[in-house]
Student: 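After the structure tokens below, expect a handful of questions from me.
Because the structure is predicted, anything quoted here is derived from the model rather than measured.
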Amino acid sequence: MIATAVFRSEHRRRYMAEISAMAPKLAGTLGTSGASAALGMVSGTIAARVLGPGSRGDLAMLLLWPQLIVTVGVLGVELAATYYSADERRRGRVPATALTIAAVQAAVMVPLYLAIVPFLYRTTDLMGEAVIMAALIPLYLLGAMCIDCLAGTLRFGAFNAVRITLPVLYSGAVVLLAVAGSLTPSTGAYVYLGAHAAGDVLALALVWRLQGIGRFDGRLAKDMIGFGLRAHFGRMIPQSLGMDAAVIALALPARQLGMYVAASAFLAAPALVASSVGMVIFPQGSATHQAGGRPRLQATFAVYVLTVSALSAMLFIAAPQIIELFFGARYADAAPALRLLSIASVMLALRSFPVEVLRGVGRPGLTTLAEVANWALFDLTGEERFRAR
């Protein structure tokens, strides 16, 4: 019995030490995520009320496809930027190497996106706007490489400063456009483009100041591409890729897409906890692993599961009231979708934690096994939804 008490006391001490060490990093990142989510709700609510379901769906399409192309085409190199930035021996050469790879990727992805624009937007009047939004691809790449270099060096203050820039500028611009009576799918997409560019400039400036850009390293580039390829499919979650919205956009009218976008907007609550924890766990695990240690994250995982479950339960219970409060009675049909999505958000959150740990200890290829099952389930449920129609 004495041995058991000593064992429990040691576990409590270790868990408290873990929480104390992780809490400041998690609090800053979670606070930034919360502020970003709140700003996203402001811009999303205003856009939904001003534009209506159809035009809100058009705005979603303009932002969706460039992001989908770049998320698939980046090949996990930004994850490698985080991992190798945690290595003191090579971090000085990571920014230049990552940005060089990103430039090559942009040279491939932009023409690819432009080639499929006529097909994607053939039933809309947004062809010209869609072509302009090709600029999002290099901007996404630039921002991803820089911000992940900041994360890898555990500079979470600078990391979070960059993260909050886009939602602050975008939501502010949406409010101004709405007040001026100038908010349309086109103007909404353009201000998003400008806000993203501003965030990227800040990210690049902070990397330059805090660690320098360094020089291109061919061997490091090979290692980063290898790590990225092993990690890539393990992060190809169909839901985070926007594949669910893409299927709806291709198969159903814009109104249904607008309803789905309205419902999924509230998943920012559990998703921000999941993503915030992942943003800390991955680079922290990388730094510990590459220093020869073993990450200890049991207490962090327990707190994480309880928090995500509580948020999802609240969304499920209050779905109709939340939808009508923020978006109005026109969006009442989005409540059942929100309830289903709130349940799914718990499952996605549970799988994301071990995925980040595996990346941090240099085993990104193992995440592929989990993702194969996720894609299989997504395909099966998609087929059932199609048959139900």
Student: If Ile, Leu, Val, Met, Phe, Trp and Tyr residues are connected whenever their side-chain heavy atoms lie under 4.5 Å apart, and connections chain through other members, are Leu99 and Val162 in the same group?
Tutor: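 As far as the 4.5 Å side-chain criterion goes, Val162 and Leu99 are connected within one cluster.
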
Student: Minimum heavy-atom separation for Gln211 to Thr153, with atom names?
Tutor: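 Taking every non-hydrogen atom into account, OE1-CG2, 3.6 Å.
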
Student: For residues Thr184 and Thr187, is any side-chain donor paired with an opposing acceptor at under 3.5 Å?
Tutor: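 Distance-only check passes for Thr184 and Thr187.
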
Student: On the 0 to 90° scale, with breaks at 30° and 60°, tag the Phe282-Phe227 ring pair as parallel, tilted or perpendicular.
Tutor: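 Because their plane-to-plane angle is under 30°, the rings of Phe282 and Phe227 count as parallel.
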
Student: Atom CG in Leu141, atom CG in Asp200: separation rounded to 0.5 Å?
Tutor: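 Going from the CG atom of Leu141 to the CG atom of Asp200 covers 9.5 Å.
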
Student: Is there a donor-acceptor contact under 3.5 Å from the side chain of Thr165 to the main chain of Ala161?
Tutor: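 Yes.
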
Student: Which pair of non-hydrogen atoms, one from Ala189 and one from Leu63, has the smallest distance, and what is that distance?
Tutor: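 Heavy atoms of Ala189 and Leu63 come nearest at CA-CD2, 4.2 Å.
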
Student: Please say yes or no: joined through hydrophobic side-chain contacts below 4.5 Å, possibly via intermediate residues, are Leu139 and Ile164 part of one cluster?
Tutor: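 The answer is no; the residues belong to distinct hydrophobic clusters.
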
Student: If two hydrophobic side chains count as joined below 4.5 Å and joins carry through other members, does Leu112 share a cluster with Leu75?
Tutor: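 In one cluster with Leu112: Leu75, no.
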
Student: Say you draw a straight line from SG of Cys149 to OH of Tyr84; how long is it, rounded to the nearest 0.5 Å?
Tutor: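 The SG atom of Cys149 sits 13.5 Å away from the OH atom of Tyr84.
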
Student: If you take all heavy atoms of Tyr170 and Gly188, which pair is closest and at what distance?
Tutor: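 Scanning both residues completely, I find the closest heavy atoms to be CE1-O, 3.4 Å.
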
Student: Does the side chain of Ser43 pick up a donor-acceptor pair with the side chain of Ser171 at under 3.5 Å?
Tutor: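 Checked: Ser43/Ser171 side chains show no N/O donor-acceptor pair below 3.5 Å.
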
Student: Can you name the closest pair of heavy atoms from Ser186 and Glu129 and give their distance?
Tutor: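 In terms of heavy atoms, the two residues are closest at OG-OE2, 2.7 Å.
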
Student: As a quick check of understanding, evaluate side-chain hydrogen bond (donor to acceptor under 3.5 Å, both in side chains) for Ser33 and Arg163, giving each step before the final call.
Tutor: CA-CA 8 Å; Ser33 296; Arg163 290 179 58 224; 2.5 Å; yes

Student: Just so I know, are the side chains of Ile137 and Gln67 near enough to count as touching, which here means a heavy-atom distance under 4.5 Å?
Tutor: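 They are not in side-chain contact.
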
Student: Check whether any side-chain N or O of Arg155 sits under 3.5 Å from a backbone N or O of Leu210 as a donor-acceptor pair, and report yes or no.
Tutor: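 Confirmed, Arg155 side chain pairs with Leu210 backbone.
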
Student: Are the side chains of Leu311 and Thr307 in contact, using a 4.5 Å heavy-atom criterion?
Tutor: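 Side-chain contact under 4.5 Å: yes.
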
Student: Quick check: does any side chain N or O of Gln105 sit under 3.5 Å from a backbone N or O of Val74, one acting as donor and the other as acceptor?
Tutor: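 Yes; at least one donor-acceptor contact below 3.5 Å.
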
Student: Any side-chain heavy atom of Leu136 within less than 4.5 Å of one from Tyr192?
Tutor: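 The answer is yes, as the side chains (C-beta and beyond) meet within the 4.5 Å cut-off.
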
Student: Taking the side chain as C-beta and beyond, is there a heavy-atom pair between Leu193 and Ile132 under 4.5 Å?
Tutor: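 Sidechains of Ile132 and Leu193: in contact.
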
Student: Only one of Phe159, Tyr83, Phe156 forms a side-chain contact (heavy atoms from CB on, under 4.5 Å) with Pro283, so which one is it?
Tutor: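 Considering Phe159, Tyr83, Phe156, a side-chain contact (heavy atoms from CB on, under 4.5 Å) with Pro283 is found only for Phe156.
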
Student: Before you tell me yes or no, could you show the steps for Met133 and Trp65 under side chain to side chain contact (heavy atoms under 4.5 Å, CB included), namely the whole-Å CA-CA distance, both residues' side-chain angles and the distance that decides it to 0.1 Å?
Tutor: CA-CA 9 Å; Met133 296 308 289; Trp65 294 109; over 6 Å; no

Student: To check you understand the geometry: which heavy-atom pair defines the closest contact between Leu169 and Ala195, and what is its length?
Tutor: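 Smallest heavy-atom distance, with atoms named: CB-CB, 3.7 Å.
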
Student: Do the side chains of Phe216 and Arg93 get nearer than 4.5 Å, heavy atoms only?
Tutor: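 Sidechains of Phe216 and Arg93: no contact.
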
Student: If I take atom CG from residue Leu183 and atom CG from residue Leu177, how far apart are they, to the nearest 0.5 angstrom?
Tutor: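 That separation rounds to 5.5 Å.
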
Student: Could you measure the distance from the CZ atom of Arg56 to the CE atom of Met61? Nearest 0.5 Å is fine.
Tutor: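 The CZ atom of Arg56 sits 13.0 Å away from the CE atom of Met61.
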
Student: Is it the case that one hydrophobic cluster holds both Tyr140 and Val104, taking links as side-chain heavy atoms less than 4.5 Å apart, direct or via other members?
Tutor: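 Cluster IDs for Tyr140 and Val104 differ.
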
Student: Can Asp217 and Arg219 be counted as an ion pair, charged N to O under 4.0 angstrom?
Tutor: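 Between Arg219 and Asp217 there is no salt bridge, as every charged N stays at least 4.0 Å from the carboxylate O atoms.
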
Student: Between Met224 and Val94, is any pair of side-chain heavy atoms under 4.5 Å apart?
Tutor: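 Yes, at least one pair of side-chain atoms sits under 4.5 Å.
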
Student: Please name the pair of heavy atoms, one in Arg91 and one in Ser85, separated by the smallest distance, quoted to 0.1 Å.
Tutor: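 Distance-wise, the nearest heavy atoms are NE-O, 2.8 Å.
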
Student: Looking at CE of Met127 and CG of Leu120, how far apart are the two atoms once the value is rounded to the nearest 0.5 Å?
Tutor: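 The CE atom of Met127 sits 9.0 Å away from the CG atom of Leu120.
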
Student: Would Thr97 and Arg215 count as having a side-chain donor-acceptor pair, cut-off 3.5 Å?
Tutor: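 Side chains of Thr97 and Arg215: no pair found under 3.5 Å.
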
Student: Val110 and Leu114: side chain to side chain contact (heavy atoms under 4.5 Å, CB included), yes or no, with the steps?
Tutor: CA-CA 6 Å; Val110 170; Leu114 292 175; 4.0 Å; yes

Student: Drop me the distance from Thr100's OG1 to Leu220's CG, to the nearest 0.5 angstrom.
Tutor: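 Those atoms lie 10.5 Å apart.
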
Student: Would you indicate whether the side-chain heavy atoms of Leu142 and Cys146 approach each other to under 4.5 Å?
Tutor: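 Cys146 reaches Leu142 side chain to side chain.
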
Student: So does Asp223 pair up with Arg90, basic N to acidic O under 4.0 Å?
Tutor: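 Yes.
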
Student: Would a hydrophobic clustering, with Ile, Leu, Val, Met, Phe, Trp and Tyr connected at side-chain separations under 4.5 Å, put Val168 with Val175?
Tutor: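 No, no single cluster joins them.
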
